[in-house]
Engineer: 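Could you have a look at this structure, given as structure tokens, before my questions?
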Amino acid sequence: MSDDRSATDRGVLYATTPIFYVNAEPHIGHAYTTILVDVATRYRRLAGDDVYFLTGTDEHGENIQKAADAAGTSPQEYTDRVAGAFRAAWDRLGIGYDAFIRTTEERHKKVVREVLQRVYDQGDIVYGEYGGLYCVRCERYYTEKELTEDGLCPQHEIAPEYRSEANYFFRMEKYRPWLRERLETNPDLIRPAGYRSEVLSMLKEPIGDLSISRPRSRVPWGIPLPWDEDHVTYVWFDALINYYSAVASEGLEDRYWPHVEHFIAKDIVKPHGVFWPTMLKAAGIPLFQHLNVHGYWLVEDRKMSKSLGNVVRPLELAERYGNDAFRYFLLRDMTFGLDASFHEVGLVDRVNADLANDLGNLLNRTLGMLGKYRDGRVPPFGPDVAGAGALRDRFLDLPDRVVEQVARLQFDRAVAGTMDAVRAANKFVSESEPWSLAKDPEAAGRLDTVLRTCLEALRCASVLLDPVMPAKMAELRHQLGMPGTAPTLDDAKRWDGLAEGSATRKGDPLFPRIDRAALEAAIEVEAPAESEDEAGGAAPVAFEPKPEIDIETFAACDLRVGTVTACEAHPKADRLLVLTVQVGTETRTIVSGIRAHYDPEELVGRTVVVVANLKPVKLRGIESQGMVLSAEGPDGRLSLLSLDRAAPPGSEVR
RNA sequence: GGCGAUGUAGCUCAGCUGGUUAGAGCGCACGACUCAUAAUCGUGAGGUCCGGGGUUCAAGUCCCCGCAUCGCUACCA
């Protein structure tokens, strides 16, 4: 256990998941974070700690509004529905959260406004007019240091202008030195260490100030700024503050805030590792204890994406294989902080080997013999049997180790260690051969010892695995004849937890084996079907049309058919390709940001659509004389426009 | 381009502050057993620890260079 969480906060835990943006159904990433926190909190509860587990939904913003419009409903109705879907999903996955916060709740809005006002009053929120020098071409602000000696934009060598955008900015840059210092002196504030380094490297250069508002006229679906009702907060002050508002609004601030642990996936390290601590500092609220960052589940070794058709639906898996088995797999097969690969066959193998063969079968064989030899009743310990004491010691050593591993976020090891002990129990059965003892009347006492030892091993295992598989472990204890009361960690520290003479209740196998061959066959069948629709099946995108233009304005764009005659990677930019395009009689050099989507070779000879009268611009040293058109797919994947009938290079497009 | 992470048996991964013949599970081969969910237990095959240098008595573990994959970041007319 790390030093900084010793005296003050031992015994109390406030754990959070991110609040999820309600524009999509929960996927395995959402589910993993939430299950992880569920397991972590259950372990701490098992140890007798005072625990508060928060999750929720992020419901404001333009996208929600658009999605609601597209669905033909109001934002409120829309978010009610989706937030309800998230809650239902978590319920089905056995998530025992204590509180569910929605950013549209009054209690949240009130706290957000209070915090905003406080930060504003002390001068850390400023109007965008003070934002600075803005290069129109770059569409970004520059600090004076970044500009050339003459005060020009380094990219375009034009004079930047003072931009008076109607936004408010949080003066985040001001807190950068403080945050660096804090991370230096508090090395495990962000963990594992790799993510701390990442944040530190972000802080080496200016982080700028953070835009935190949008005009209410454009985005009415948000929380109005308390001092300027014409603006609403944008994302950060709204969403991040949920962690604080959830307890502050319930009078639980003193009890839980000093013990807050955030759990997130690595994609949101920046807002949580940079924005959030500086916001807290500015608001005079103490920092979180740790920011705990986990990796991604890579599906078929690629990042999960809708366009690849490899989205893993947690509810389907839980349904198919059992929720507890699914949870076990997630916790067992990912090392905290690192990415892990998800293969459905791997899940099945894991569940069969560990849960069906080792744990489930140990229960089944033990209760089977108990029924046969002892009428299903719990025997006393008899004379010593070789290996019984060692097995007992092995189990009784586990609780302290597990608690420590959980504190270090080593859930995989905590679970593996317990399963190793279960394996040792199976070995003990083989070596002590109770079926042979049963044939020898003089060995009755030793048979008692063997059976009782197995029963106690199972009972202890059920306690140590209870946070991961609450339903199945309760069922296990039920089969052992125990009452349905919730276990405590102390139950795993004793070897006499069963009542002598009590009746066991052998039932169906706890974890039925999953037919792996059938699964493989099913995958065979599914595989070809997936490749058919690249984009055709993608959901329509809600959008807000740009301001109307007339035909003359459109005609001002000179769009032309072109043929790519050569193409190579830009020598000084990772994301750019340099195309040579034949447009009519002219040959143009066009720089385009499509390198991540197309190989240079595959473009040679292709027909493209070119904006021919764009003002040329130098991109990383190469002049681009135009632009090629492409469309963006659901996953940011670009698709170049081409023609479905031949038209010679230079033909006008209209 | 900058920063960071990862690269260990067919597969999924452990290997903490450098120290005996490099580990686990799955899969595979052979054997044992029969209480059990075609389960369990044992034995075995299988590795240039990404490549190349270096530091050290000693390196998978530290340093340098490179390769590959991933992430963040700049460029995305």
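The sequence lines fix the lettering, A, B, ..., with proteins before strands; numbering per chain opens at 1. The figures here come from the full heavy-atom set of this structure, side chains too, leaving out hydrogens, waters and symmetry mates.
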Engineer: Counting only heavy atoms not in Glu442(A), do more than 12 sit closer than 6.0 Å to its CD atom?
Structural biologist: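 12 or below, so no.
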
Engineer: For U43(B) versus A36(B), give the span between their C1' atoms, rounded off to a whole number of Å.
Structural biologist: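 U43(B) and A36(B) have their C1' atoms separated by 23 Å.
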
Engineer: What is the separation between atom CG on Asp333(A) and atom C1' on A24(B), rounded to the nearest whole Å?
Structural biologist: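 Going from CG in Asp333(A) over to C1' in A24(B) covers 12 Å.
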
Engineer: Return the nucleotide paired to C76(B): Watson-Crick means purine N1 to pyrimidine N3 with N6-O4 or O6-N4, wobble means G-U with N1-O2 and O6-N3, both under 3.5 Å.
Structural biologist: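 Checking every strand shown, C76(B) finds no partner, since no pair has both distances under 3.5 Å.
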
Engineer: Of the nucleotides G25(B), U40(B), U37(B), which one has an atom closest to the side chain of Arg350(A)?
Structural biologist: G25(B)

Engineer: Side chain of Arg620(A) only, heavy atoms from C-beta on: which candidate in C75(B), A36(B), C70(B) is closest?
Structural biologist: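 For Arg620(A), the side-chain atoms sit closest to C75(B).
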
Engineer: For A32(B), what is the paired nucleotide under Watson-Crick or G-U wobble rules, both distances under 3.5 Å?
Structural biologist: U40(B)

Engineer: Nearest to the side chain of Leu510(A) - C75(B), U12(B), U37(B)?
Structural biologist: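 Closest nucleotide among those given: U37(B).
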
Engineer: What's the gap between U8(B) and C13(B) when it is taken at their C1' atoms, as a whole Å value?
Structural biologist: 9 Å

Engineer: Within the 4.0 Å heavy-atom criterion, would you say Gly346(A) contacts the bases, only the backbone, or no part of the nucleic acid?
Structural biologist: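 It contacts nothing in the nucleic acid.
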
Engineer: Grab the CG-C1' distance between Leu359(A) and U37(B) for me, whole Å please.
Structural biologist: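 Going from CG in Leu359(A) over to C1' in U37(B) covers 12 Å.
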
Engineer: From the options A14(B), C72(B), A39(B), select the nucleotide whose nearest atom is closest to the side chain of Arg413(A).
Structural biologist: A14(B)

Engineer: Quick one: Asp354(A) CG to A39(B) C1', roughly how many Å, whole number?
Structural biologist: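 In whole Å, A39(B) C1' lies 14 Å from Asp354(A) CG.
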
Engineer: When you compare U61(B) with U55(B), how far apart are their C1' atoms, in angstrom units rounded to a whole number?
Structural biologist: 14 Å

Engineer: If the threshold is 4.0 Å, N to carboxylate O, is there a salt bridge linking Glu456(A) and Arg459(A)?
Structural biologist: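 The answer is yes: the pair qualifies as a salt bridge.
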
Engineer: Could you check if a side-chain atom of Arg176(A) sits within less than 4.5 angstrom of a side-chain atom of Thr278(A), using non-hydrogen atoms only?
Structural biologist: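 Side chain of Arg176(A) against side chain of Thr278(A), heavy atoms only: no contact under 4.5 Å found.
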
Engineer: Check whether any side-chain nitrogen or oxygen of Asn357(A) sits under 4.0 Å from OP1 or OP2 of U40(B), and answer yes or no.
Structural biologist: yes

Engineer: Using the P atom as the reference point in each nucleotide, state the distance between U20(B) and A29(B) in Å, no decimals.
Structural biologist: 34 Å

Engineer: Lys266(A) NZ to U69(B) P: how many Å, rounded?
Structural biologist: 15 Å

Engineer: Please determine, for G46(B), whether a Watson-Crick or G-U wobble partner exists with both distances under 3.5 Å, and give it or none.
Structural biologist: none

Engineer: So, do Val468(A) and Phe411(A) sit near enough that their side-chain heavy atoms are less than 4.5 Å apart?
Structural biologist: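 The answer is no; the side chains never approach within 4.5 Å.
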
Engineer: Quantified in whole Å, what is the C1' atom distance between nucleotide A14(B) and nucleotide G25(B)?
Structural biologist: 10 Å

Engineer: Name the pairing partner of A59(B), where a pair is Watson-Crick or G-U wobble with both distances under 3.5 Å, or state none.
Structural biologist: none

Engineer: Under 4.0 Å between any heavy atoms, over every strand shown, what does Ala340(A) touch: base, sugar-phosphate, or nothing? Just pick one.
Structural biologist: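 Sugar-phosphate contact only - Ala340(A) comes under 4.0 Å of backbone atoms but never of a base.
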
Engineer: Might you list the N or O atoms of the protein lying below 3.5 Å from N or O atoms in nucleotides 29-35 of chain B, with each pair's distance?
Structural biologist:
{"unit_1": "C35(B)", "atom_1": "O3'", "unit_2": "Lys372(A)", "atom_2": "NZ", "d": "3.1"}
{"unit_1": "C35(B)", "atom_1": "O2", "unit_2": "Arg365(A)", "atom_2": "NE", "d": "3.1"}
{"unit_1": "C35(B)", "atom_1": "N3", "unit_2": "Arg365(A)", "atom_2": "NE", "d": "3.4"}
{"unit_1": "C35(B)", "atom_1": "N3", "unit_2": "Arg365(A)", "atom_2": "NH2", "d": "2.6"}
{"unit_1": "C35(B)", "atom_1": "N4", "unit_2": "Arg365(A)", "atom_2": "NH2", "d": "3.1"}

Engineer: For U40(B) and C33(B), measure between their C1' atoms and round to the nearest Å.
Structural biologist: 8 Å

Engineer: Return the nearest nucleotide to the side chain of Arg423(A); candidates are A14(B), C76(B), C41(B).
Structural biologist: C41(B)

Engineer: Counting only side-chain nitrogens and oxygens, does Ser201(A) get under 4.0 Å of the OP1 or OP2 atom of U73(B)?
Structural biologist: no

Engineer: C70(B) and G42(B): how far apart are their C1' atoms, nearest whole angstrom?
Structural biologist: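 It works out to 41 Å between them.
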
Engineer: For Leu338(A) and for Lys270(A), find the nucleotide of RNA chain B with the closest heavy atom, then tell me which residue's nucleotide is more 5'.
Structural biologist: Leu338(A)

Engineer: If I take atom CG in residue Leu355(A) and atom C1' in nucleotide G25(B), what distance separates them, rounded to the nearest angstrom?
Structural biologist: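 Atom CG in Leu355(A) sits about 13 Å away from atom C1' in G25(B).
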
Engineer: For the P atoms, the ones on A5(B) and on G15(B), what distance do you get once it is rounded to whole angstrom?
Structural biologist: 16 Å

Engineer: Which nucleotide, if any, forms a Watson-Crick or G-U wobble pair with U17(B), using both distances under 3.5 Å?
Structural biologist: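 Partner of U17(B): none.
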
Engineer: Please set out all donor-acceptor pairs under 3.5 angstrom arising from side-chain atoms of residues 554-564 of chain A, sequence neighbours excluded.
Structural biologist:
{"unit_1": "Asp558(A)", "atom_1": "OD1", "unit_2": "Arg560(A)", "atom_2": "NE", "d": "2.8"}
{"unit_1": "Asp558(A)", "atom_1": "OD1", "unit_2": "Arg560(A)", "atom_2": "NH2", "d": "3.2"}
{"unit_1": "Arg560(A)", "atom_1": "NH1", "unit_2": "Gly650(A)", "atom_2": "O", "d": "3.0"}

Engineer: Looking at the side chain of Glu198(A), which of G71(B), U12(B), U37(B) is the nearest nucleotide?
Structural biologist: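 Selected nucleotide: G71(B).
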
Engineer: Calculate the interatomic distance between His294(A) atom NE2 and C70(B) atom P; express it in whole Å.
Structural biologist: 19 Å

Engineer: How would you label the contact of Ala353(A) with the nucleic acid (heavy atoms, under 4.0 Å): base, sugar-phosphate, or nothing?
Structural biologist: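 It contacts sugar-phosphate atoms only.
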
Engineer: Looking at the side chain of Asn426(A), which of U40(B), U37(B), C26(B) is the nearest nucleotide?
Structural biologist: U40(B)

Engineer: Closest-nucleotide mapping onto RNA chain B: is Asp412(A) or Ala356(A) further toward the 5' terminus? I mean the 5' end.
Structural biologist: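 Closest to the 5' end, via its nearest nucleotide, is Asp412(A).
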
Engineer: Would you mind pulling out the nucleotide paired to C26(B), Watson-Crick or G-U wobble, both distances under 3.5 Å?
Structural biologist: G10(B)

Engineer: Please state how far atom OH in Tyr296(A) lies from atom P in U6(B), giving the value in whole angstrom units.
Structural biologist: 16 Å

Engineer: The side chain of Asn361(A) is closest to which nucleotide in this list: C26(B), U40(B), C76(B)?
Structural biologist: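 Within the option list, the nearest is U40(B).
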
Engineer: When all nucleic acid strands are considered with a 4.0 Å heavy-atom cut-off, which category describes Val591(A): base, sugar-phosphate, or nothing?
Structural biologist: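 Sugar-phosphate contact only - Val591(A) comes under 4.0 Å of backbone atoms but never of a base.
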
Engineer: Of the candidate nucleotides U37(B), C72(B), C75(B), which contains the atom at the shortest distance from the side chain of Arg575(A)?
Structural biologist: C75(B)

Engineer: Should the heavy atoms of other residues, nucleotides or ligands under 6.0 Å from CG of Asp440(A) be counted, would the total exceed 12?
Structural biologist: yes

Engineer: OP1 or OP2 of G42(B) less than 4.0 angstrom from a side-chain nitrogen or oxygen of Lys427(A), does that happen here?
Structural biologist: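 Answer yes for this pair, as a side-chain N or O of Lys427(A) is under 4.0 Å from OP1 or OP2.
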
Engineer: What's Asp358(A) touching, base or sugar-phosphate or nothing? Going by heavy atoms closer than 4.0 Å.
Structural biologist: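 Sugar-phosphate, backbone atoms only, no base.
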
Engineer: Answer whether the closest heavy-atom distance between the side chains of His272(A) and Leu240(A) falls below 4.5 Å.
Structural biologist: yes

Engineer: Between Asp354(A) and Arg350(A), does any NZ, NE, NH1 or NH2 come within less than 4.0 Å of an OD or OE carboxylate oxygen?
Structural biologist: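 Looking at Arg350(A) and Asp354(A), the cut-off is met.
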
Engineer: Using side-chain contact (heavy atoms from CB on, under 4.5 Å) as the criterion, list what pairs up with Arg413(A), not counting sequence neighbours.
Structural biologist: Gln405(A), Gln410(A)

Engineer: Give a yes or no on whether a salt bridge exists between Lys266(A) and Glu198(A), defined as a side-chain N under 4.0 angstrom from a carboxylate O.
Structural biologist: no

Engineer: So which nucleotide does G51(B) pair with, by the Watson-Crick or G-U wobble rule with both distances under 3.5 Å?
Structural biologist: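 G51(B) is paired with C65(B).
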
Engineer: Between C1' on C11(B) and CG on Leu298(A), what's the gap in Å once rounded to a whole number?
Structural biologist: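 Checked: the CG to C1' distance equals 15 Å.
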
Engineer: Apply the test salt bridge (charged side-chain N to carboxylate O under 4.0 Å, His left out) to residues Arg180(A) and Glu184(A): give CA-CA distance (whole Å), side-chain angles for both, the deciding distance (0.1 Å), then the verdict.
Structural biologist: CA-CA 6 Å; Arg180(A) 284 185 77 171; Glu184(A) 298 289 355; 5.3 Å; no

